[in-house]
Colleague: 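Sharing a structure here in structure tokens format.
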Amino acid sequence: MNPHDQYMQSAIREAGIAQSEGEVPTGCVIVHHGTDETERPRVIARAHNQVERLKDPTAHAEMIAITQAAATLGDWRLTNTTLYVTKEPCAMCAGAIVLARIPRLVFGVADPKRGGAVSVFNIVQHPDLIHRCEVIAGIQEEPCRLILQEFFRQRRQENNQP
């Protein structure tokens, strides 16, 4: 299994935790690649959506993971990192990725209605911003899509909607 798939599997596990807690199943991990070739990549943050639990509209998986990663590194600049997330970040999270100077974003499934990285807005690569990041989309896309579809199907059934 290549590293992108491996780290996305960790993000999918986080999404599963969110789903079990009644949250929109989005999971995120941030990997630090070290500052030289001798340092092995390591996961420095892992999170899932906690909007309902915390009653906080900003408690998205990416926001929580960015806060954890900054605390772990002792710096708000998350250079030499990659953020893996199961669903394309919204505009808020995409803005936080730019502000945190994260150089690489890897996501599973696009969000054509609210995506802030490529689908609706291209915040992370906007030419007028001081920082831009590489985007790799479609990693483990099918499992990421399925967990979201299952969650919303179940929610519609609970609300007696077709």
Colleague: I97 and V29: same hydrophobic cluster, using ILVMFWY side-chain contacts below 4.5 Å?
Modeller: no
Colleague: Return the CG to OG1 distance between L105 and T82, rounded to the nearest 0.5 Å.
Modeller: 9.5 Å
Colleague: Taking atom CD of E62 and atom CD1 of I102, what is their separation to the nearest 0.5 Å?
Modeller: 9.5 Å
Colleague: Quick one: does V43's side chain get under 4.5 Å of Y7's, heavy atoms only?
Modeller: yes
Colleague: Got S10 and R46 here, is their nearest side-chain heavy-atom distance under 4.5 Å?
Modeller: yes
Colleague: Test side chain to side chain contact (heavy atoms under 4.5 Å, CB included) on W76 and I66 and set out the steps.
Modeller: CA-CA 9 Å; W76 61 269; I66 288 169; over 6 Å; no
Colleague: Looking only at atom types and distance, does a side-chain atom of E88 sit under 3.5 Å from a main-chain N or O of S119, one as donor and one as acceptor?
Modeller: yes
Colleague: Are R153 and E150 within salt-bridge range, i.e. N to O under 4.0 Å?
Modeller: no
Colleague: SG of C28 to CD1 of I12: how many Å apart, nearest 0.5 Å?
Modeller: 12.5 Å
Colleague: Can you find a heavy atom in the side chain of I44 that is under 4.5 Å from one in the side chain of Q68?
Modeller: no
Colleague: Measure from the side-chain N and O atoms of N159 to the backbone N and O of R155, and report whether any donor-acceptor pair falls under 3.5 Å.
Modeller: yes
Colleague: If you apply the rule side chain to side chain contact (heavy atoms under 4.5 Å, CB included), what do you find for V24 with L148, and how did you get there?
Modeller: CA-CA 7 Å; V24 173; L148 285 163; 4.0 Å; yes
Colleague: Which heavy atom of M63 sits nearest to which heavy atom of A96, and what is that distance?
Modeller: SD-CB, 3.5 Å
Colleague: Is the backbone N or O of L99 less than 3.5 Å from a side-chain atom of R101, with the two atoms forming a donor-acceptor pair by type?
Modeller: yes
Colleague: Side-chain donor-acceptor pair under 3.5 Å between T26 and H48, yes or no?
Modeller: no
Colleague: Donor-acceptor pair, distance only, cut-off 3.5 Å: does the side chain of N80 make one with the backbone of H33?
Modeller: no
Colleague: Grab the two heavy atoms, one from C133 and one from P103, that are nearest each other, plus how far apart they are.
Modeller: CB-O, 3.2 Å
Colleague: Less than 6.0 Å separating the ring centroids of F121 and H126?
Modeller: no
Colleague: Please check this pair: side chain of E23 against backbone of R53, looking for a donor-acceptor N/O pair closer than 3.5 Å.
Modeller: yes
Colleague: List the atom of T79, the atom of H32, and the distance in Å for their closest heavy-atom pair.
Modeller: O-CD2, 3.9 Å
Colleague: Between CD1 of I30 and OG1 of T72, what distance do you get to the nearest 0.5 Å?
Modeller: 9.0 Å
Colleague: Side chains of C144 and F107, heavy atoms from C-beta outward: is any pair under 4.5 Å?
Modeller: no
Colleague: Considering non-hydrogen atoms only, spot the tightest contact between R145 and V109 and give its length.
Modeller: NH2-CG2, 3.7 Å
Colleague: Looking at L78 and D75, what are the two nearest heavy atoms and their distance?
Modeller: CD2-O, 3.7 Å
Colleague: Show, in sequence, the C-alpha distance, side-chain angles and deciding distance for V31 and Y84, and conclude whether the side chain to side chain contact (heavy atoms under 4.5 Å, CB included) test is met.
Modeller: CA-CA 8 Å; V31 176; Y84 292 85; 3.8 Å; yes
Colleague: I'd like to know if the side chain of R132 reaches the main chain of L129, judged simply by a donor and an acceptor atom lying under 3.5 Å from each other, with no hydrogens or angles considered.
Modeller: yes
Colleague: Can you see which heavy atom on A47 is nearest to which on I64, and at what distance?
Modeller: CB-CG2, 3.6 Å
Colleague: Would a distance-only check, ignoring hydrogens and angles, find a side-chain to backbone donor-acceptor pair under 3.5 Å from N49 to A61?
Modeller: yes
Colleague: When clusters are formed by joining ILVMFWY residues with side-chain heavy atoms under 4.5 Å apart, either directly or through shared neighbours, do V135 and V98 land in the same one?
Modeller: yes
Colleague: What side chain to side chain donor-acceptor pair (under 3.5 Å) pairs are there with at least one residue in residues 89-100, not counting sequence neighbours?
Modeller: none
Colleague: Rounded at 0.5 Å granularity, tell me how far CD in Q50 sits from NE2 in H60.
Modeller: 11.5 Å
Colleague: At what distance, to the nearest 0.5 angstrom, does CG of L73 lie from OG1 of T81?
Modeller: 7.5 Å
Colleague: Evaluate the side-chain proximity of E21 to E52: yes if any heavy-atom separation is below 4.5 Å, no if none is.
Modeller: no
Colleague: What's the verdict on side chain to side chain contact (heavy atoms under 4.5 Å, CB included) for T58 and M92, showing C-alpha distance, side-chain angles and the deciding distance?
Modeller: CA-CA 8 Å; T58 69; M92 173 185 67; 3.8 Å; yes
